[in-house]
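Encoded as structure tokens, the structure appears first; notes follow it.
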Amino acid sequence: MSAPSGPLELLREALRADLADLSDRQPRFFRAPGRVNLIGEHVDYSGGLVLPVAVDRATIVAAAPRDDRRIRIRSREHGEIAGFDLDERLPRPQRSWVDYARGIVLALRRRMPLAGADLAVGTTIPMGAGLASSAALEIAVGLALCAIADRPIEPRVLAGAAQEAENSFVGVQSGLMDPLASTFGVRDHALLIDCRSGAVSPIPLPEGIVLATVDSGERHALASSAYNRRRIETEEAARLLGVALLRDVSPERFAREGDELPPLLRSRARHVVGEISRVGAMVRALQRGALEDAGALMNSSHASLRDNFEVSTPQLDLLVEAALDIEGVYGARMTGAGFGGSIVVLLRADAAPALAERFGDAATIVHAADGAAALE
């Protein structure tokens, strides 16, 4: 893959200098993109369908081998250098950025031998903005460590290791969407991901549309938020309905049996069942170029996340309402886990100046990008 351009190329050169403070060896570079999710929120851990887009905001790692069993990693964003031993037996989470790096090391160590390395990491993904900055960090670090150890890894295996890092070490019971989006991204395409089978199908994005994010400025902390509680609630709803996952409940069955659930669990299940159905409808709308329909589905998704799943915030709701007031905007919704972060907006290309005028620096046009890879 060719070198990144623009901000990513500038970041790469900055990381080259950062790594030179740790190592006199020639660096290798690895990139992992963030993602926006067009639709299909909070359904990946119910085995549902999701429709994310890998974007041209990414994390880059510069890496060089060491002669011992140490990992040293320098973060531009945090201004810190963390170090730990590959053979450390029972590390404890530190509730900091380094947990994501340590978590992917532990997950990969269960799958293959690793080697010591010096790493410098930086990102153009705003952290805590709902754009999968943690998954991008895990995937980029994981890709770098596998290359340093001369252990090629399949993208799906790497994505599974990143999910394990989140679940088992960081403490967030997240699904596979973010790491799969970061590893399997395809330029100019969204990704239809079946989170039960792991199947990934690229879906072309229609010409003439633009995707944008608008950052609320509210930063979420998933490990200490209600995220894990939502997963527990969906699992309990599935249990009461007699299924392993809410993916197995059709809209028709929910209409017949949903009233048997306690009110809170009924609301959670209503979102999951409806959201999975909306993903399929969104794919069909994009394939036939029915952008008004696609936008309406995004709007319905946001309403359900706000009212049924209760993961939106007043600030996110205001951003969605403001975006929908702009001529040429088809739809808008919160993207990511919620409790803060960003919204994603689907709009005509000629509406981009009005969006920028309305939201200023909080708005960013994003483009569908390829998945994680080594850089030449």
Inset, instruction - Mind checking the CD1-CG spacing from I81 to D21? Nearest 0.5 Å is all I need. - result: 7.0 Å
Inset, instruction - Starting from L106, walk the hydrophobic network (Ile, Leu, Val, Met, Phe, Trp, Tyr; side-chain heavy atoms closer than 4.5 Å) and list everyone else you reach, by chain and number. - result: F169
Inset, instruction - Give a yes or no on whether a salt bridge exists between E41 and R333, defined as a side-chain N under 4.0 angstrom from a carboxylate O. - result: yes
Legend entry - Parallel, tilted or perpendicular, as decided by the 30° and 60° cut-offs, for the rings of H42 and F309: tilted
Inset, instruction - Would you give the length of the straight line joining atom CD1 of I39 to atom CZ of R278, rounded to the nearest 0.5 angstrom? - result: 6.0 Å
Legend entry - Ionic contact status for D44 with R231, cut-off 4.0 Å: no
Inset, instruction - Provide the full list of salt bridge (charged side-chain N to carboxylate O under 4.0 Å, His left out) pairs with a residue in residues 138-156, sequence neighbours left out, each pair given once. - result: none
Legend entry - Within-4.5 Å side-chain heavy-atom neighbours: R111 and V157: yes
Inset, instruction - Would you mind reporting whether L38 and L205 have side-chain heavy atoms less than 4.5 Å apart? - result: yes
Legend entry - side chain to side chain donor-acceptor pair (under 3.5 Å) between E218 and T313, worked out: CA-CA 9 Å; E218 297 178 300; T313 67; 2.7 Å; yes
Legend entry - Salt bridge present between R348 and D350 (N-O < 4.0 angstrom): yes
Inset, instruction - Taking the side chain as every heavy atom from C-beta outward, state whether D293 and R288 have any pair of such atoms under 4.5 Å apart. - result: yes
Inset, instruction - Count the heavy atoms of every other residue, nucleotide or ligand shown that sit under 6.0 Å from CZ of R92, and state whether that count exceeds 12. - result: no
Legend entry - Closest non-hydrogen atom pair, L114 against R69: O-NH1, 2.6 Å
Inset, instruction - Using salt bridge (charged side-chain N to carboxylate O under 4.0 Å, His left out) as the criterion, list what pairs up with R306, not counting sequence neighbours. - result: none
Legend entry - Salt bridge R102-E88, side-chain N to carboxylate O under 4.0 Å: yes
Legend entry - Greater than 12 external heavy atoms within 6.0 Å of R70's CZ: yes
Legend entry - N37 and T335: side chain donor to acceptor below 3.5 Å: no
Legend entry - Within-4.5 Å side-chain heavy-atom neighbours: I73 and V141: yes
Inset, instruction - Using a strict 4.0 Å threshold on nitrogen-to-oxygen distance, state whether R74 and D118 make a salt bridge. - result: no
